[in-house]
Amino acid sequence: QNNKSSDSNLPDPNSGEDGEPDVADPAETSLLIKILGKGLVNTKLSLDIQQKNPNSPLHSIKTFEALHLKASLLKGIYAMGFNTPSKIQETALPTLLADPPQNMIAQSQSGTGKTAAFVLAMLSRVNIGLNHPQVLCLSPTYELAIQTGEVAARMGQFCPDIKLRFAVRGEEVDRSKKIEEHILIGTPGKLLDWGLKFRLFDMKKITVFVLDEADVMIATQGHHDQCIRIHKLMREEESLDNIKQYYVKCKNEDNKYNAIQNIYGCISIGQAIIFCHLDQKQLALFSHCMTRSTRGRMVKTSAYGVSRCGFGLSETRRTAAWLAAKMTSDGHSVAVLSGDLTVEQRLAVLDRFRSGLEKVLITTNVLSRGIDIEQVTIVVNFDLPVDVRGNADCETYLHRIGRTGRFGKSGIAINLITDEKSMKVCTDIEKHFKKKIEILNTDSADDIE
Ligand code: ADP
């Protein structure tokens with residue numbers, strides 16, 4: 001039943017390449033368990049025996065009827081040979097099908113019926129009257145996506161109006177047409193391409209979001225960021241409405257630091273994030289400089305320690321480490337979030353910052369999209385976000401500065417400008433959002449307050 005190559009409509013696993021990161025071992029293992037493992041049971045007989053045992057994770061007292069599912073879906077479930085819900089299904093389905101909808105994290109052993117549970121929720125939430133994607137299911141690998149799609153196809157076999165599409169490597173889309181299928185199952189990179197890069201469907205219209213194998217996903221560096229990005233895109237629109245935006249003219253990089261010092265000295269701010277730009281080379285040097293013991297912790301790196309590792313002065317000045325070192329030596333408690341940290345280290349840095357242990361978080365472009373810390377009151381663009389051509393990257397600017405209406409918090413954004421080029425980027429951002437970015441004189445305490 002798990003032979004996934006039998007359906008000729010399925011994409012060819014060997015064709016195309018969508019740039020997904022290498023398959024993580026845990027994902028492979030998970031798939032293997034699904035394919036080779038017994039699933040709920042080997043035989044009908046053992047299922048019945050196990051379900052009667054109250055200590056078994058498959059034990060169940062409820063019926064599928066009790067869930068008030070659509071008749072066509074119930075028919076699909078019975079056609080798959082399911083008689084009674086498994087424990088995780090019995091526990092999760094009432095929540096998954098509840099109105100108003102609720103969020104849920106569910107965990108149980110492999111083969112206990114999780115996939116069947118969330119697929120049922122996905123199918124039962126589709127509004128066939130609307131011809132656009134409403135359900136997004138992210139899988140860590142091609143194979144798992146196909147596997148899940150097959151379950152959906154079988155469970156929905158009596159619901160011919162529900163349309164499903166795979167967003168995996170090898171699947172091509174007509175970029176001139178919007179996607180009309182109700183359910184999209186795929187890998188994060190491909191779904192980001194379709195939803196964000198090509199705008200083939202509207203992320204805001206997604207009502208069901210499934211993160212399958214969530215533990216595997218967040219442990220996979222590339223997927224981690226992509227999943228957060230997708231999730232963010234589905235939330236309320238970020239806006240600059242409650243944000244006061246300023247720019248500060250600085251003569252040079254050193255002057256930028258003075259600006260930060262002045263800002264910090266004058267306002268009793270809660271927490272701040274400083275974004276600075278590091279290219280790959282600088283990141284590599286930076287990571288080389290940080291000793292193991294300081295990684296992921298409060299940074300005590302001295303400026304001397306950094307330059308000793310081979311930075312030229314000008315390069316040094318453009319690094320997060322340089323800034324962190326300077327601020328630390330001035331008595332600020334500073335955390336650094338850089339691309340070289342492992343997922344665990346990054347989460348640890350963010351946790352410490354969230355809990356207020358550090359008041360300043362210095363971070364790089366690469367990571368800006370993953371950060372979501374609502375209590376931050378001040379955001380400093382040490383370097384303005386630009387794309388590869390050096391033009392204003394308005395989307396990243398909004399992700400750094402913008403807030404969702406739901407939280408309604410106000411904040412301050414400060415952009416440090418050193419030359420005509422960065423001034424132009426700032427003006428372009430201002431024009432794009434049609435929101436004034438005022439000049440701020442950081443030498444004047446009155447101005448800052
Ligand atoms: P998981 O996602 O937790 O690994 P699955 O949903 O893939 O588990 O279920 C494992 C196997 O058990 C699959 O073959 C599935 O068809 C079967 N299964 C799931 N729920 C039931 C049920 N209520 N009754 C009988 N078989 C089921």
Side-chain angles (χ1 to χ4, degrees), residues 1-7 24-70 73-97 104-125 135 137-159 164 183 185-187 208-217:
Q1 61 166 14
N2 283 317
N3 181 359
K4 52 183 170 32
S5 52
S6 56
D7 189 336
D25 282 346
E28 256 178 15
T29 314
S30 171
L31 180 73
L32 279 175
I33 291 171
K34 268 185 197 281
I35 294 175
L36 305 173
K38 340 284 170 289
L40 263 190
V41 277
N42 280 327
T43 66
K44 182 75 185 52
L45 181 66
S46 78
L47 172 66
D48 288 343
I49 294 168
Q50 287 195 66
Q51 289 193 330
K52 285 199 182 85
N53 173 6
N55 298 322
S56 159
L58 308 175
H59 172 67
S60 162
I61 44 160
K62 297 240 171 62
T63 60
F64 282 115
E65 278 89 348
L67 292 164
H68 306 295
L69 296 164
K70 283 175 208 143
L73 268 178
L74 203 56
K75 215 169 144 188
I77 291 168
Y78 289 141
M80 288 174 84
F82 299 5
N83 293 323
T84 43
S86 68
K87 185 113 182 168
I88 185 84
Q89 290 166 357
E90 178 199 313
T91 317
L93 283 169
T95 306
L96 290 176
L97 302 173
M104 156 167 257
I105 298 176
Q107 181 180 29
S108 80
Q109 293 142 261
S110 264
T112 50
K114 295 183 297 295
T115 307
F118 71 68
V119 165
L120 183 56
M122 284 161 48
L123 291 166
S124 60
R125 295 251 183 215
V135 178
C137 175
L138 304 193
S139 297
T141 63
Y142 172 96
E143 289 80 5
L144 276 166
I146 301 297
Q147 188 92 7
T148 305
E150 285 193 334
V151 175
R154 287 177 66 207
M155 204 178 274
Q157 60 187 292
F158 300 105
C159 315
L164 182 154
I183 300 177
I185 302 178
T187 43
V208 178
F209 176 58
V210 178
L211 199 58
D212 191 12
E213 309 281 351
D215 49 346
V216 174
M217 291 281 218

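First listed ligand is number 1; within each ligand, the first listed atom is number 1. These numbers come from a predicted model, not from an experiment. Throughout, residue positions are numbered sequentially from 1 according to the sequence presented.
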How would you list, by chain and number, every residue that makes a side-chain contact (heavy atoms from CB on, under 4.5 Å) with A214, sequence neighbours excluded?
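A214: side-chain contact (heavy atoms from CB on, under 4.5 Å) contacts with L211.
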What pairs with T91 under side-chain contact (heavy atoms from CB on, under 4.5 Å), at least two apart in sequence or on another chain?
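side-chain contact (heavy atoms from CB on, under 4.5 Å) check on T91 returns K87.
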Using distance alone, decide if ligand 1 has a nitrogen or oxygen within less than 3.5 Å of any nitrogen or oxygen in [X].
X: G81; value: no
X: N83; value: no
X: M80; value: no
X: F82; value: no

Can you find a heavy atom in the side chain of E213 that is under 4.5 Å from one in the side chain of T141?
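A side-chain contact under 4.5 Å is absent here.
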Going by heavy atoms in the side chains, are L97 and L69 under 4.5 Å from each other?
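They are in contact (side-chain heavy atoms under 4.5 Å apart), so the answer is yes.
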Is it the case that atom CD in Q107 sees more than 12 heavy atoms from other parts of the structure closer than 6.0 Å?
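Check fails, neighbour count at 12 or below.
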Please work out whether any backbone atom (N, CA, C, O) or any side-chain heavy atom from C-beta onward of [X] is under 4.0 Å from ligand 1, and answer side chain, backbone, both or neither.
X: T84; answer: backbone
X: Y78; answer: neither
X: S86; answer: backbone

Between I185 and M122, does a side chain to side chain contact (heavy atoms under 4.5 Å, CB included) hold up when you go through it step by step?
CA-CA 11 Å; I185 302 178; M122 284 161 48; 4.0 Å; yes
Going by the atom numbers of ligand 1, which of them fall below 4.0 Å from some non-hydrogen atom of Q109?
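Those qualifying, in numeric order: 3 (O).
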Quick check on contacts: which atoms of ligand 1 are under 4.0 angstrom from a heavy atom of S110?
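Selected atoms, number and element: 4 (O).
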Given the rule in the side chain to side chain contact (heavy atoms under 4.5 Å, CB included) test, do V208 and F118 qualify, once you have shown the distances and angles that lead to the verdict?
CA-CA 10 Å; V208 178; F118 71 68; over 6 Å; no
